[in-house]
Each structure stands twice: as C-alpha cells, then as structure tokens.
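This report concerns only the one structure given below.
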Amino acid sequence: GAGVSQSPRYKVAKRGQDVALRCDPISGHVSLFWYQQALGQGPEFLTYFQNEAQLDKSGLPSDRFFAERPEGSVSTLKIQRTQQEDSAVYLCASSLGQGALLLNYGYTFGSGTRLTVV
Amino acid sequence: AQSVTQLGSHVSVSEGALVLLRCNYSSSVPPYLFWYVQYPNQGLQLLLKYTSAATLVKGINGFEAEFKKSETSFHLTKPSAHMSDAAEYFCAVTDNQAGTALIFGKGTTLSVSS
C-alpha cells in the first residue's frame with residue numbers, strides 16, 4: 001500500500017479483555033517499530049522487528065504485551081488482560097532501511113490505533 | 001542514555017510571526033536528531049533530520065533547525081507562521097547504532113492565531 005495502515009483506528013476494551021492491534025507496513029519495508037503514545041506525551045518505543053525477527057523488545061511495559069511479525073510483513077501487537085493504564089494511541093512505523101541505513105531511509109508512521117480501556 | 005527535552009508544552013504565535021520551538025538533547029554519542037509534526041488523528045510526519053552533515057538543516061513547509069553541539073540544542077524555526085502550521089511538534093533523538101529506536105520529547109503544541 002501507499003502508507004502504513006493500522007487497524008482498528010479505535011478500540012474500546014473492558015478492563016481484563018485481550019486486544020489485538022494490526023499494522024500493515026509499506027510493502028517491502030524491512031524494519032517495523034511499535035510505539036505507545038499516552039495522552040499528552042510523546043511516543044515511547046515498545047519493540048522493533050527486522051523482517052520476522054524481533055530484535056528489540058525492551059520497551060514492552062509488561063509480559064501482558066506481546067508482538068509478532070511471523071512472515072516479515074504484517075505485525076500484530078497483543079495486549080492481554082488490559083488495564084486502564086494501557087489506554088493510549090499505539091503507533092506503528094516501518095522503514096525500507098535496516099541497521100545503520102534506517103537513518104538514511106527514515107521511518108513512515110501509521111495513523112495509530114487509539115485504545116481506551118474502561 | 002539518550003533523551004530530549006522540549007521547553008514549553010504550548011507555544012502561541014500570530015500568523016506571520018516567527019516560530020521557535022525549543023529542543024535540547026542529551027546523548028553520550030554523536031546524535032541523530034529529528035523533528036516530526038503530528039496533526040490531529042494522524043501519524044507523525046518528518047519535518048527534517050540532522051545526521052551529522054550540515055548543522056543547519058532545511059525541512060519541509062519552510063521549517064529549519066540548527067544543530068548546536070555547544071548548547072546541545074536543535075531548535076526548530078520558521079520565519080513566518082501560517083495557520084496550517086498549528087499542530088503538535090516532536091523532537092526525537094537516536095544514535096547510529098543499528099536498530100536503535102527514536103526517543104521522543106513530550107511534544108510542543110503550536111497554536112497560530114489570525
């Protein structure tokens with residue numbers, strides 16, 4: 001596609017419910033990032049994939065958060081037993097570059113999924 | 001550890017006035033610095049980036065930023081504000097390590113009045 005597509009755009013979950021957020025990166029983009037943006041804050045790094053390999057998951061806030069990219073394209077961020085503090089916009093970004101070339105190619109961000117936990 | 005500090009969570013200017021959004025960074029290695037803009041309900045759009053070439057970086061929509069190592073700053077400027085510039089602006093930093101993610105500031109909301 002022309003851009004990074006995220007679905008759903010909005011998700012309301014009851015506390016304790018599991019949710020799955022989807023990211024369709026630009027075709028051919030090797031690198032994929034997930035970020036969490038709380039209200040009034042800047043995005044915070046969650047995890048990074050290079051193709052299907054999850055190279056960095058240091059930003060995942062708890063073991064309730066899990067991300068996968070099994071075929072090196074579409075990625076899913078799963079949050080188990082959602083809590084109110086999980087309410088945020090979840091942004092996905094992809095890049096044609098990898099490693100040091102990430103900075104040359106840059107990142108393209110999706111519009112995000114706004115998760116509200118009630 | 002790397003970090004960025006954006007001074008002023010909200011900046012208001014009149015249309016046609018100078019825009020100055022402040023960003024200071026902290027990094028133990030030569031940084032790569034970025035400015036992104038975010039319009040409501042949209043993703044982040046890159047305005048410009050510094051990657052150790054020229055210290056004065058020109059971006060889209062008439063914005064530019066100057067990397068000042070002595071001041072650890074990367075302030076964003078635009079000579080004349082337009083109503084369409086009203087948005088949230090984020091400064092971000094990373095280093096040259098492979099796969100390193102962007103570290104964002106908390107953002108500055110720019111309001112432009114007529």
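Lettering follows sequence order; numbering is per chain, from 1. As the structure is a prediction and not an experimental result, all values here were calculated from the model.
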Inset, instruction - State, to 0.1 Å, how close A/Phe45 and B/Leu102 come at their nearest heavy-atom pair, and which atoms those are. - result: CB-O, 4.5 Å
Inset, instruction - With a 4.5 Å heavy-atom cut-off (strictly below), which parts of residues 36-49 of chain B touch chain A? List them by number. - result: B/Tyr36, B/Gln38, B/Asn41, B/Gln42, B/Gly43, B/Leu44, B/Lys49
Legend entry - Joint hydrophobic cluster, B/Leu33 plus B/Phe104, side-chain heavy atoms closer than 4.5 Å: no
Inset, instruction - Against chain B, label A/Leu91 side chain, backbone, both or neither, depending on which of its atoms sit under 4.5 Å from a heavy atom there. - result: side chain
Legend entry - Proximal to chain A - members of residues 105-114 of chain B, heavy-atom separation under 4.5 Å: B/Gly105, B/Lys106
Inset, instruction - Look at atom OH of A/Tyr105 and say whether more than 12 heavy atoms of other residues, nucleotides or ligands are closer to it than 6.0 Å. - result: no
Legend entry - residues 68-81 of chain B: residues contacting chain A (heavy atom under 4.5 Å, by number): none
Legend entry - Reported OH-to-OG1 distance for the pair A/Tyr107 and B/Thr94, which is rounded to 0.5 angstrom: 5.0 Å
Legend entry - Greater than 12 external heavy atoms within 6.0 Å of B/Leu56's CG: yes
Inset, instruction - Treat each ILVMFWY residue as a node, draw an edge where side-chain heavy atoms are under 4.5 Å apart, and state whether B/Tyr50 and B/Phe63 are in one component. - result: yes
Inset, instruction - Flag yes if more than 12 heavy atoms outside A/Glu71 fall under 6.0 Å of its CD atom; otherwise flag no. - result: no
Legend entry - Residues in salt bridge (charged side-chain N to carboxylate O under 4.0 Å, His left out) contact with A/Arg9, at least two apart in sequence or another chain: none
Inset, instruction - Examine B/Met83 and B/Val19 and state if one hydrophobic cluster contains both, with Ile, Leu, Val, Met, Phe, Trp and Tyr joined whenever side-chain heavy atoms are less than 4.5 Å apart. - result: yes
Inset, instruction - Treating Ile, Leu, Val, Met, Phe, Trp and Tyr as nodes and any side-chain heavy-atom pair under 4.5 angstrom as an edge, say whether B/Phe67 and B/Tyr89 lie in one connected cluster. - result: yes
Inset, instruction - Assess whether atom CD of A/Glu44 is packed by more than 12 heavy atoms of other residues, nucleotides or ligands within 6.0 Å. - result: no
Legend entry - Proximal component of A/Phe49, with respect to chain B [non-hydrogen, under 4.5 Å]: neither
Inset, instruction - May I ask you to name which of A/Gln50, A/Gln37, A/Gln6 has the most heavy-atom pairs under 4.5 Å with chain B? - result: A/Gln37
Legend entry - Shared hydrophobic cluster, A/Tyr90 / A/Leu60 (ILVMFWY, side-chain heavy atoms < 4.5 Å): yes
Legend entry - Top contributor to chain B interface from A/Gly40, A/Gly42, A/Pro43 [non-hydrogen pairs under 4.5 Å]: A/Pro43
